[in-house]
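Residue numbers start from 1 in every chain, and the chains themselves are labelled A, B, ... in the order their sequence lines are given, proteins ahead of strands.
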Protein chains: 2
Amino acid sequence: MGLYHLNEERQAAVDKIRKRVIENIGRNMDLYGIPVSTGHLYGLLFFADKPMNLDEMGQEMKMSKTSMSTGVRTLLDYKMVNKVWEKGSRKDLYEVEYDWYQTFFDFFDVKWRKSVESNILILKKAIEEWSRLRKEHGDDEYLIAVMDQDLSKMKEAVAYYQWLDRLIDTFVNGDIFKLVPKEPPEQ
Amino acid sequence: MGLYHLNEERQAAVDKIRKRVIENIGRNMDLYGIPVSTGHLYGLLFFADKPMNLDEMGQEMKMSKTSMSTGVRTLLDYKMVNKVWEKGSRKDLYEVEYDWYQTFFDFFDVKWRKSVESNILILKKAIEEWSRLRKEHGDDEYLIAVMDQDLSKMKEAVAYYQWLDRLIDTFVNGDIFKLVPKEPPEQ
DNA sequence: TAGAACGTACAGTAAAAACTGTACAAAGTT
DNA sequence: AACTTTGTACAGTTTTTACTGTACGTTCTA
C-alpha cells in the first residue's frame, strides 16, 4: 500500500495484516449505516501515513474516482475524516479523525439526535391532538378508552426519547467520562 | 385500524394521527439498520391494543404474510417484539416490547458488542504479529518506523473499543441510570 | 390417520442502492 | 485568453436488498 521503500516480501506481510484489520473495521461500520466499501475506504485512510487525495484512494481501492468522491463525502458528513490543506498540492487531501470517541459522539449528536427530536415533536403534537379529541368526544366511552391507552404509550415514548436526549448530552459535554473513564492504551 | 366500535369519522381521525407517528417511528428505525417497512410494522404493533398474528399484520400493512414473517423475525432478533401465548389461538401472536430503554440496551449488547469484540480480537492479533515482525526485521529502520506508527494507532483503537465495551456494560447493568436518571412521563 | 391450518424455505421478481464513465463547471497555470 | 487540472452532477449499469407466491413440513383437529 504505497510503502515503496520495502521489499516485496515484507510489503506483502505488512499488507496482509493491515488488510484484515481494514476489512473488519469496514464491515463493522454498517452500524453507522455506512456502506461496506466506504468503510474500507475509512480503513485505508486509517493506516495511511499521510493525507491522501482522491486519485490515490481510487488506485488503492481499485474503484472509480467518482466513488471515492461520494465515499469521502459520506465520511466527512459523519466527521470521520477531515479535509487537510497542504501547500503545493492543488488536490483535496483527507485524513481520518483519530479521536474515535469524538467520532462516536458526533454520530449520536447528528444522527440519533435528529431522530430523537423529530420523534418528540411528532409525539407531542399527537398527544396534543389526542387530548383535544378526548374532550370533544367525552361521551364516547370506547373512544376515550382507546385514546387513553394511546396517550399513556405516547407519553412513555416521549419520556424515553427525552432520556435519550439527555444521554446524548453527556456524550457531547463529556460527562459520560465521569461514569466510564477513558483508560490509556496498554504499554 | 381495527377499532370497529368507532364510527367512520372518528376512526379516520384516530388513524390519521396514529399513522403519522407510525411513519416517523418507522423511518427513524433505520438507525437500528432495520428496513423502513419493518419499522412500520413495529409502529403498527406499538399502537395495537392486543397482540397480533401474521394475518392481521398482513392485512393492516397490505403486505404478504411472508413479509410479515420475516419482518417479525427481524424484530424478534432485536428483541423489539415478544411472542405471546394465548390459549385458544393456534396462531403465533406478537406484541411490542414497551420497555424502550431495554430495547436500546439490547441493541447495543447484541449488535455493537459483537462488532466491538471482533474488532478487539483482530486488532490484538495484528498487534501481536506486528510485534513479532518488528523483532525479526529489527535492522530495517524504515519498516520499524512504519510498524511503530501502525502499532500506536492500533493500540489507541483497542483502548477505544475497550471503553465502548465498558460503556455497553453500564447499559446492560443499569449503571447508566446513575448518570442519566429515568424521569417519569409528564402528568 | 386423514385433513386443515399455520409458518417459513425457496425461487423468482421488483425496487433500491452502489458504482462507473462521461461531461462539465470552477479554479489554477502559462 | 487558452489550456490544464480537479471535483462532482448526472445518466446509465450492476449489484444488493426487499418483497411476493408457491410449495412444503409441522402441528393441531376430528
Side-chain angles (χ1 to χ4, degrees), chain A residues 22-23 25-45 48 50-78 80-95 111, chain B residues 22-23 25-45 48 50-78 80-95 111:
Chain A
I22 289 176
E23 299 250 315
I25 291 177
R27 187 152 15 91
N28 292 146
M29 231 150 182
D30 74 330
L31 285 177
Y32 292 99
I34 287 176
V36 184
S37 76
T38 305
H40 287 167
L41 176 59
Y42 179 86
L44 176 68
L45 290 170
K50 57 170 181 45
M52 293 180 78
N53 63 51
L54 294 180
D55 289 307
E56 290 165 342
M57 294 177 206
Q59 206 167 342
E60 290 292 342
M61 297 276 297
K62 282 162 190 158
M63 285 177 71
S64 72
K65 198 176 174 180
T66 307
S67 294
M68 295 303 99
S69 178
T70 59
V72 157
R73 184 131 47 146
T74 303
L75 294 173
L76 275 175
D77 285 348
Y78 283 85
M80 289 175 172
V81 306
N82 300 308
K83 199 174 210 165
V84 176
W85 291 105
E86 208 170 77
K87 57 185 173 186
S89 174
R90 276 171 60 188
K91 302 184 193 225
D92 295 354
L93 296 169
Y94 302 91
E95 68 180 2
K111 298 283 162 182
Chain B
I22 289 175
E23 298 251 314
I25 292 177
R27 187 151 16 89
N28 292 145
M29 230 150 181
D30 74 331
L31 286 176
Y32 292 99
I34 287 176
V36 183
S37 76
T38 305
H40 287 167
L41 177 58
Y42 180 86
L44 176 69
L45 290 170
K50 56 172 181 47
M52 292 180 77
N53 64 50
L54 294 181
D55 290 307
E56 291 165 342
M57 294 177 206
Q59 206 167 343
E60 291 289 344
M61 297 276 296
K62 282 162 190 159
M63 284 178 72
S64 73
K65 196 174 174 180
T66 307
S67 294
M68 295 304 98
S69 178
T70 59
V72 157
R73 184 134 45 148
T74 303
L75 294 173
L76 274 175
D77 285 349
Y78 282 85
M80 289 175 173
V81 305
N82 299 309
K83 199 173 210 167
V84 177
W85 291 105
E86 207 169 79
K87 56 185 173 185
S89 174
R90 273 172 64 189
K91 304 185 191 223
D92 295 353
L93 297 169
Y94 302 92
E95 67 179 3
K111 298 283 163 179

> Which sits closer to the 5' end of DNA chain C, A:Lys62 or B:Thr70, going by the nucleotide each is nearest to?
Replying inline: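 On the 5' side of the pair lies B:Thr70.
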
Which nucleotide sits closest to the side chain of [X]: [options]?
| X | options | value |
| --- | --- | --- |
| A:Lys91 | D:dG7, D:dA9, D:dA18 | D:dG7 |
| A:Leu54 | D:dT6, C:dC19, D:dT8 | D:dT8 |
| A:Thr66 | D:dT6, C:dT20, D:dT20 | C:dT20 |

> Quick one: OH on A:Tyr32 to NZ on A:Lys111, what's the gap to the nearest 0.5 Å?
Replying inline: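 Taking OH in A:Tyr32 and NZ in A:Lys111, the distance rounds to 12.5 Å.
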
>> What's the separation between atom CG in A:Asn28 and atom CD in A:Glu23, rounded to the nearest 0.5 Å?
In response: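 The CG atom of A:Asn28 sits 11.5 Å away from the CD atom of A:Glu23.
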
> Under 4.0 Å between a side-chain N or O of A:Lys65 and OP1 or OP2 of D:dG7?
Replying inline: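 Answer is yes, contact under 4.0 Å.
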
Whole angstrom value for the distance that separates [atom2] of [N] from [atom1] of [X]:
| X | N | atom1 | atom2 | value |
| --- | --- | --- | --- | --- |
| A:Met68 | D:dT6 | CE | P | 17 Å |
| A:Met61 | C:dC19 | CE | P | 8 Å |
| B:Met63 | C:dA15 | CE | C1' | 12 Å |
| A:Asn53 | D:dT6 | CG | C1' | 10 Å |
| A:Leu93 | D:dT6 | CG | C1' | 12 Å |
| B:Asp55 | C:dA5 | CG | P | 11 Å |
| B:Trp85 | C:dC6 | CH2 | P | 13 Å |
| B:Leu76 | C:dT8 | CG | C1' | 14 Å |

Could you tell me whether the side chain of [X] has a donor or acceptor atom within less than 3.5 Å of a complementary atom in the base of [N]?
| X | N | answer |
| --- | --- | --- |
| A:Ser69 | D:dG7 | no |
| A:Arg90 | D:dT5 | yes |
| B:Ser64 | D:dG21 | no |

> Are a donor atom and an acceptor atom from the side chains of B:Thr70 and B:Ser67 found within less than 3.5 Å of each other?
Replying inline: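 No, no side-chain donor-acceptor pair sits under 3.5 Å.
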
> Which is true for A:Asp92 with a 4.0 Å heavy-atom rule: it touches a base, it touches only sugar-phosphate, or it touches nothing?
Replying inline: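 Sugar-phosphate, backbone atoms only, no base.
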
>> Can you confirm whether A:Asp92 sits close enough to A:Asn53 that some side-chain heavy atom of one is under 4.5 Å from a side-chain heavy atom of the other?
In response: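 Counting from C-beta outward, A:Asp92 and A:Asn53 never come under 4.5 Å.
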
> Salt-bridged, A:Glu56 to A:Lys50, with N to O below 4.0 Å?
Replying inline: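 Result for this pair is yes, salt bridge flagged.
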
